[in-house]
Amino acid sequence: MNDAHDLGGIHGLGRVDVEAKEPVFHSDWEKAVFAILWATFGTGRYNLDEFRHGIERMHPVDYLSSRYYEHWLHTMGNNMVEKGFLTKDEWDARTRYYLSNPDAPVPRKEDRPGVEGFVKMAYEGAPTRREVSAKPQFRVGDRVVARNINPTGHTRLARYIRGKRGVIHAVHDAYVLPDTNAHGKGENPQYCYNVAFDARELWGDTAEPNEKVYFDAWESYLEKA
Amino acid sequence: MNDAHDLGGIHGLGRVDVEAKEPVFHSDWEKAVFAILWATFGTGRYNLDEFRHGIERMHPVDYLSSRYYEHWLHTMGNNMVEKGFLTKDEWDARTRYYLSNPDAPVPRKEDRPGVEGFVKMAYEGAPTRREVSAKPQFRVGDRVVARNINPTGHTRLARYIRGKRGVIHAVHDAYVLPDTNAHGKGENPQYCYNVAFDARELWGDTAEPNEKVYFDAWESYLEKA
Amino acid sequence: MSGQSVGSSPPPISETFPRPEAEAAARTRALEALLIEKGLMTSDLVDRMASLYEKDIGPHLGAKVVAKAWVDPAFKKRLLENATKACKELGISGVQGEDMVCVENTPKVHHVIVCTLCSCYPWPVLGLPPNWFKYPQYRSRMVIEPRKLLKEDFGLDLPQDVEVRVWDTSAEIRYFVMPERPAGTERMGEAELAKLVTRDGMIGVAKV
Amino acid sequence: MSGQSVGSSPPPISETFPRPEAEAAARTRALEALLIEKGLMTSDLVDRMASLYEKDIGPHLGAKVVAKAWVDPAFKKRLLENATKACKELGISGVQGEDMVCVENTPKVHHVIVCTLCSCYPWPVLGLPPNWFKYPQYRSRMVIEPRKLLKEDFGLDLPQDVEVRVWDTSAEIRYFVMPERPAGTERMGEAELAKLVTRDGMIGVAKV
């Protein structure tokens with residue numbers, strides 16, 4: 001979808017604000033959000049593209065003004081609601097409860113072996129790479145143009161790349177296609193390509209000199225130029 | 001600038017909310033904002049493009065969440081500050097005063113003949129059309145492509161039009177160029193053209209069938225296709 | 001303006017992101033007060049200009065133009081050739097309509113206007129635009145999914161064989177739509193016809 | 001987690017648009033509580049996963065990789081050919097780094113990574129990203145004005161004859177930068193060199 005998450009080339013958002021000695025987590029709730037990712041995404045309750053699309057569906061005002069882990073919280077909770085593991089009303093009611101009772105405890109349950117399973121996953125990875133029988137359609141050095149697509153659903157083809165001409169820099173393996181996987185339409189794995197775009201192609205005369213942007217694109221995002 | 005004001009083709013902003021029996025003005029402050037436009041823009045304290053650019057410089061979160069006349073208030077006040085007619089501190093301090101004293105009166109001054117001058121202007125217009133000696137570079141039916149420009153300053157070439165091919169539908173007169181006029185770089189009047197773009201050119205396969213978008217573009221926004 | 005009511009103007013996304021209207025009101029009064037004190041504005045401008053666009057300049061003027069075009073083929077021809085001049089014949093002109101273009105709906109072509117970059121609108125014939133015309137929802141969607149938007153949000157379901165022409169008012173020309181004259185109005189006079197012509201019809205989000 | 005401190009996490013635009021952190025904390029606790037009650041999560045996961053990325057998985061791992069590449073040309077070759085495999089030689093691998101690519105800075109080429117669409121980042125070598133990497137300011141500007149951004153916001157002024165290569169991590173491959181080895185470090189060993197390699201150096205917003 002064309003919206004606020006697609007930030008490449010947007011002006012007016014201000015200076016980068018580097019937090020001195022930033023901790024990995026700022027607070028207990030950020031740690032809890034991080035853990036919920038493993039408990040929900042890590043057990044396959046929803047997939048990576050559903051996770052990302054859940055964030056994209058935030059209203060731009062919400063998206064641009066909220067803390068990073070608020071994005072995760074939003075999509076994890078909503079995905080779990082959409083998959084039927086809890087209801088929005090349950091979540092809202094319990095939120096009101098904790099707002100009124102900030103010292104009320106969260107129930108405790110332990111499962112040490114289960115937890116170590118997630119640690120193992122953290123080190124082993126959860127690849128979305130897939131074997132496909134087809135051959136890659138493009139080769140290193142091929143001139144390509146990114147398609148002009150504007151789906152209302154999920155895509156990883158950024159707006160600033162669409163319609164622009166580049167050169168295949170690398171041929172990667174095949175990966176699950178976000179555009180369908182975010183919407184229950186299957187994994188449809190496709191080859192990914194790293195495409196080099198000259199900054200002048202992307203930004204015209206406004207571009208800074210002597211620059212390239214390297215962008216990873218699924219095969220169906222590209223056409224021969 | 002590439003930012004939130006440039007809304008063509010953005011998804012996820014929700015349904016149109018039509019206010020039943022909407023009044024022309026909802027409240028006294030909206031009327032006052034409207035009057036301030038005449039008192040400041042109408043007397044040439046700043047120009048139309050400075051006015052528009054002042055709105056564009058709002059943070060996207062502010063822009064997308066505020067009432068329409070808050071946009072005007074923002075740019076009118078800031079333009080008057082930038083032109084040296086008041087200071088930001090004065091404005092902020094007086095705002096705090098009225099927030100604490102909502103019943104405190106605004107000073108009164110009358111000038112009936114002056115006011116009627118603005119009414120006359122309302123009926124007569126304030127054109128930004130200019131005579132130029134050059135001939136228009138394009139003719140009706142010419143195929144053109146919109147340039148890919150990405151200035152950090154003001155432009156009226158919307159993002160969704162850049163790089164797209166269209167056909168000259170009409171040749172208008174010459175008008176003050178927003179891109180320079182917003183930044184104290186002169187009026188540089190240029191011919192304007194109405195350009196017809198097929199929806200499929202703009203949005204690819206996502207386009208609805210049998211549609212065209214007609215967009216007015218200054219001459220320097222266009223190149224022969 | 002002392003003891004004024006703050007009124008209630010709905011922001012574009014009122015529920016999730018409430019912005020206190022009292023703040024906008026106070027900032028406005030502060031600016032107004034400073035401009036008056038500095039001799040840059042007078043108090044009587046407020047009610048006079050508001051009244052001008054509440055009572056004198058509004059969509060009833062566009063309706064008059066359209067109704068005349070429906071009954072007077074020569075005027076219609078002049079209107080479609082140069083709307084600014086034709087409107088002036090009826091004493092209609094002014095700010096944000098220094099150069100106007102009128103586009104005519106037919107059984108096969110439907111026109112609709114939008115300003116994706118701000119809120120451009122032909123004030124002399126339509127008055128000041130409603131909030132929805134100026135708010136992000138309409139401006140974002142009208143150029144990418146006009147049929148869907150017209151159907152879902154305005155109840156106007158256009159057949160696929162009707163071509164949709166969207167006018168994005170990106171420069172200083174202002175557009176308005178001449179709707180199709182409704183069937184069964186053959187005997188109506190100009191004044192009666194004018195009553196049928198709505199603002200939404202002249203924006204292109206409704207038929208009349 | 002009872003009686004927890006809410007902490008303080010700066011939102012991207014804290015001053016003008018404050019969002020109460022207590023709300024985020026309460027919504028998080030509510031979700032956590034419901035998941036635990038429903039048997040979908042256990043309490044001990046919270047501290048264990050946090051500790052894993054606070055202590056075990058972080059930029060010190062990437063630093064180890066880079067330092068080894070600086071002193072071991074054969075390893076460097078393997079790293080640039082297949083970073084995932086080369087990192088595994090050092091026991092470094094995992095989620096958000098299933099396929100990694102290392103790009104090498106030279107006197108004539110400077111690399112920098114960004115994720116314009118979200119916050120993709122090579123966790124196994126850099127740990128979890130800092131807020132600024134995930135916030136709109138960096139993500140919006142790095143692809144359109146990298147030189148300006150690096151100079152103004154990170155104090156890194158690159159000469160015009162140095163080519164800037166921006167890697168926008170749009171798919172599932174994760175990139176990290178091998179910075180140039182600083183002059184005067186010829187006698188340093190791997191462990192000592194690793195201490196010089198910063199997270200920012202491996203993102204590409206600083207030299208080391």
Side-chain angles (χ1 to χ4, degrees), chain A residues 7-10 13-16 18 22 24-29 31-35 38-39 52 64-68 70 73 77 86 90-91 94-95 98-99 103 105-111 115 119 122-123 125-128 156 158 172 175 192 203 208-216, chain D residues 1-4 6-7 9 11 13 17 19 24-37 40-46 48-50 52-54 94-95 98 116-118 128 130-132 134 136-140 143-145 147 153 160 163-168 170-173:
Chain A
L7 280 164
I10 299 295
L13 291 162
R15 283 178 67 94
V16 172
V18 176
E22 182 177 346
V24 174
F25 299 101
H26 296 81
S27 57
D28 288 342
W29 74 265
K31 290 184 189 180
V33 167
F34 188 66
W38 296 89
R52 288 186 182 137
L64 292 172
S65 63
S66 54
R67 295 170 186 84
Y68 179 69
E70 290 182 83
L73 177 62
L86 71 156
E90 275 182 301
W91 190 19
R94 195 64 68 94
T95 300
Y98 281 118
L99 276 173
D103 289 332
V106 168
R108 289 203 67 84
K109 217 179 279 180
E110 308 272 321
D111 175 17
V115 166
V119 173
Y123 282 114
T128 57
R156 296 289 286 182
H172 300 304
Y175 291 84
C192 261
W203 312 115
E208 294 177 343
N210 204 12
E211 268 169 26
K212 284 203 178 71
V213 173
Y214 291 77
F215 189 93
D216 283 326
Chain D
M1 278 184 65
S2 87
Q4 65 182 0
V6 155
S9 179
I13 39 171
F17 312 97
R19 293 175 65 92
R27 285 194 81 72
T28 303
R29 305 187 84 202
L31 185 57
E32 183 188 357
L34 288 166
L35 294 177
I36 290 172
E37 285 169 12
L40 295 166
M41 175 176 174
T42 62
S43 317
D44 46 353
L45 192 61
V46 177
R48 183 68 182 96
M49 297 313 291
L52 184 65
Y53 284 90
E54 283 174 331
V95 158
E98 289 86 354
T116 61
L117 295 172
C118 52
L128 300 178
N131 268 340
W132 62 258
K134 302 178 285 195
Q137 296 87 336
Y138 181 80
R139 291 167 48 202
S140 60
V143 291
I144 192 168
E145 48 178 30
R147 287 177 193 273
D153 294 26
Q160 293 242 338
E163 183 183 334
V164 175
R165 298 189 186 169
V166 180
W167 298 80
D168 185 356
S170 46
E172 301 313 330
I173 295 90

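Letters A, B, ... are given to chains in the order of the sequence lines, protein chains preceding strands, and every chain is numbered from 1.
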Q | chain A interface, residue from D:Asp44, D:Asn131, D:Thr116 that has the most non-hydrogen pairs under 4.5 Å | A |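 Option with the greatest count: D:Asp44.
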**Q.** Partner chain A: residue of D:Leu35, D:Leu52, D:Ile173 with the largest heavy-atom pair count (under 4.5 Å)
**A.** D:Ile173
Side chain from CB out, backbone as N, CA, C, O: work out which of these in [X] comes under 4.5 Å of a heavy atom of chain A, or both, or neither.
X        : result
D:Leu31  : both
D:Leu128 : side chain
D:Ile36  : both

When you measure from the side chain of [X] to the backbone of [Y], do you find a donor-acceptor pair of N or O atoms at a distance under 3.5 Å?
X        : Y        : answer
D:Asp153 : A:Val16  : yes
A:Asn210 : D:Gln160 : yes
D:Arg139 : A:Gly9   : no
A:Trp29  : D:Arg27  : no
D:Trp167 : A:Val213 : no
D:Ser140 : A:Leu7   : no
D:Glu54  : A:Val24  : no
D:Glu98  : A:Ala126 : yes

Q: Would you mind checking if D:Glu32 and A:Lys109 are paired as a salt bridge, meaning a charged N to carboxylate O distance below 4.0 Å?
A: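 No.
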Least distance between heavy atoms, [X] atom then [Y] atom:
X        : Y        : answer
D:Ser43  : A:Glu110 : CB-OE2, 4.4 Å
D:Leu117 : A:Ala158 : CD2-CB, 4.0 Å
A:Ala35  : D:Leu45  : O-CD2, 3.3 Å

Chain D contact via [X] - side chain, backbone, both or neither, heavy atoms under 4.5 Å:
X        : value
A:Arg52  : side chain
A:Tyr175 : side chain
A:Glu22  : side chain
A:Trp203 : side chain

Q.
Within this structure, what is the CG-CD distance for the pair A:Leu13 and D:Gln137, rounded to the nearest 0.5 Å?
A.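 A:Leu13 atom CG to D:Gln137 atom CD measures 6.5 Å (nearest 0.5 Å).
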Q: Tell me, with the steps shown, if D:Glu37 and A:Arg108 meet salt bridge (charged side-chain N to carboxylate O under 4.0 Å, His left out).
A: CA-CA 9 Å; D:Glu37 285 169 12; A:Arg108 289 203 67 84; over 6 Å; no
(Q) Is the ring pair D:Tyr53/A:Phe34 parallel, tilted or perpendicular, if the boundaries are 30 and 60 degrees? (A) perpendicular
